[in-house]
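Down below is the structure, laid out as structure tokens.
Heavy atoms only: backbone and side chains are in, while hydrogens, waters and symmetry mates are out. To find a chain, count down the sequence lines: A is the first, B the second, and so on, and within it residues start at 1. Source: prediction; values computed, not measured.
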2 protein chains.
Amino acid sequence: MPLDQQTDILARMSGEDREALISLGTMQRFSKGEFVFRAGAPGKHVYFLRKGRVKICQPSHTGKEVILWFCFAGEMFGLAEVAQGGGRVVHAHVCEASEVLKLSQSQFSGFLRDHPDSLHLVMQVLSCRMRTLSEVIVNLVNDDVETRIMKLILRLSARHGVHVGQDIHLDITLTHQEIADMVGTTRQTVTGMLSKLKRRGFLSLENRRIYIESPEMHAAASGPDH
Amino acid sequence: MPLDQQTDILARMSGEDREALISLGTMQRFSKGEFVFRAGAPGKHVYFLRKGRVKICQPSHTGKEVILWFCFAGEMFGLAEVAQGGGRVVHAHVCEASEVLKLSQSQFSGFLRDHPDSLHLVMQVLSCRMRTLSEVIVNLVNDDVETRIMKLILRLSARHGVHVGQDIHLDITLTHQEIADMVGTTRQTVTGMLSKLKRRGFLSLENRRIYIESPEMHAAASGPDH
DNA sequence: CCGGAAATGTCAGTTGGCCGACATACTTTC
DNA sequence: GAAAGTATGTCGGCCAACTGACATTTCCGG
């Protein structure tokens, strides 16, 4: 099990556990641009994404938004507030038409009590997210914008990349603004850096999708030795 | 229970659970400057800090270190790698003479199985840490160095502050380098910013300890409206 | 209580990346 | 298929914060 895929909790659950979970919760549909929940709302439910894509982002007083991570099919979100109490601090913003399974706090606690194997998985997911967040912090502190963008792309491709010969095809579309919100920079700078990376031959862009020339990219991202 | 104190897991456990945990583990002493574990080592143990202070920091290829958080008496560390597998990615660096309780992965799993209340506490701790890390990321992205330092001080004082009349006395000593490593800046800039904050009357410094003039400080940190 | 080490204070020079402003391209919607 | 909205590309001016270098103060072990 590659560490990158530990967050796909539905896939990792045993069949019976998954059935039990699905029968406990209720299904909801959302279309692009809607919110599953917003910062400030009370946080009494846990969600499992069956289909689609949701971004978890934290608004700040300045109006800027930081994208903490994306959730893809199979992933869980909204757990932290349920475990910890207090209201939501993040938005769950639907990127493309999605289906989510919704469980109340008590339904979920009951499920964990009855399915100890799944409980272990939940702790793994939390641990994995903590590591990813730590990684992001280290990047923000140490690396310049160019390196941060390269590392972001490599992180995403580790989980959502499709190998096409020598290259890796990133199977999701991101706007420059979204990239900027993930690495802490501005839209303009992202545009500039991407075309710089393209000129250098680290990646190519084809109708809003990213192709990574993987060997060069990995080498380049491991140390900013320009 | 203030959210700031959710991480003091030993204090929040029931007496019986705490006894059981302590009898399971083995005690170890460390003196200042030693490491409980280092990045790269295999991560097969969980630790509970009984006494002292430990900083959890992540080294990077550039040699710089980022301090992700401090652990104080009662807190747990080393969990993520145990839950998730793989080696340590962080150092656990002892700041002052400390005593830690050490449990192997299997001892800890067994404990959680037998003490479901504590299990809930563990999930709370992880959730709380995730929130703190998210908060740090948002700060890094949105705020200038001055604001980041103010918010760091307020965060620390929420958990480790002692009220002295109107003011709050921060009950720990930090070097400027350590502050720099937490907010992602340089030692020199921290020195400059602290004396600027002192001049402005937001805080005062007395033999390496920080006194916060809390009302002004809170107002100032909530929006960088200079 | 002394000497080396660590921490703090200060400064001038340099620069990465932000800001604002605008032009072009793509892509929905009715 | 025209119009409106959203995304991308490009530029010059500007400033916060980094770098490196040094002086001074405080701490701590023997």
Partner residues of B/F72 under the ring-ring contact (aromatic ring centres under 6.0 Å, His included) criterion, sequence neighbours left out: B/H160
Give the rounded distance in Å between these two atoms: CD1 of A/I210 and C1' of D/dA7. 14 Å
Kindly give the atom pairs (protein nitrogen or oxygen, nucleotide nitrogen or oxygen) under 3.5 Å for nucleotides 28-30 of chain D.
none

Residues forming a side-chain contact (heavy atoms from CB on, under 4.5 Å) with B/T189, sequence neighbours excluded: B/V145, B/T185, B/T186, B/M193
Nucleic acid contacts of residues 91-99 of chain A, taken as heavy-atom distances under 4.0 Å to DNA chain C: none
side-chain hydrogen bond (donor to acceptor under 3.5 Å, both in side chains) against B/E135, all qualifying residues, sequence neighbours excluded: none
Quick one: are B/L103 and B/L21 in side-chain contact, heavy atoms under 4.5 Å? yes
Taking side-chain contact (heavy atoms from CB on, under 4.5 Å) as the test, write out the residues that go with A/F30, two or more places apart. A/Q28, A/E34, A/V36, A/V94, A/V100
Plane angle bin for B/H169 and B/Y211 - parallel if under 30°, tilted between 30 and 60°, otherwise perpendicular: parallel
Pairing residues for B/H91 by the ring-ring contact (aromatic ring centres under 6.0 Å, His included) criterion, not counting sequence neighbours: B/F35
Take the protein atom CG of A/L197 and the nucleotide atom P of D/dG9, then report the distance between them rounded to whole Å. 12 Å
Look at the aromatic rings of A/F77 and A/Y47 and report parallel, tilted or perpendicular, splitting at 30° and 60°. parallel
Base, backbone or nothing for each nucleotide of nucleotides 8-22 of chain C, written B, S, -, heavy atoms under 4.0 angstrom, 5' to 3'? BBB------SSSBB-
Specify the angle, to 10°, made by the local axes at the two ends of the helix from C/dC1-D/dG30 to C/dC30-D/dG1 when five pairs are taken at each end. 70°
Residue list, side-chain contact (heavy atoms from CB on, under 4.5 Å) with B/E99, at least two apart or on another chain: B/M27, B/R29, B/R50, B/K51
Pairs in or reaching into residues 65-76 of chain A: which pass salt bridge (Lys or Arg N to Asp or Glu O under 4.0 Å), with residues at least two apart or in two chains? A/E75-A/R129, A/E75-A/R159
Apply side-chain contact (heavy atoms from CB on, under 4.5 Å) to B/K64 and list each qualifying residue two or more places apart in sequence or on a separate chain. A/V141, A/N142, B/S60, B/T62
Would you mind reporting whether B/E178 and B/K55 have side-chain heavy atoms less than 4.5 Å apart? yes
Say whether A/H176 and A/T191, considering side chains only, have a donor N or O and an acceptor N or O under 3.5 Å apart. yes
Rounded to whole angstroms, how far apart are CG on B/L140 and P on D/dA17? 12 Å
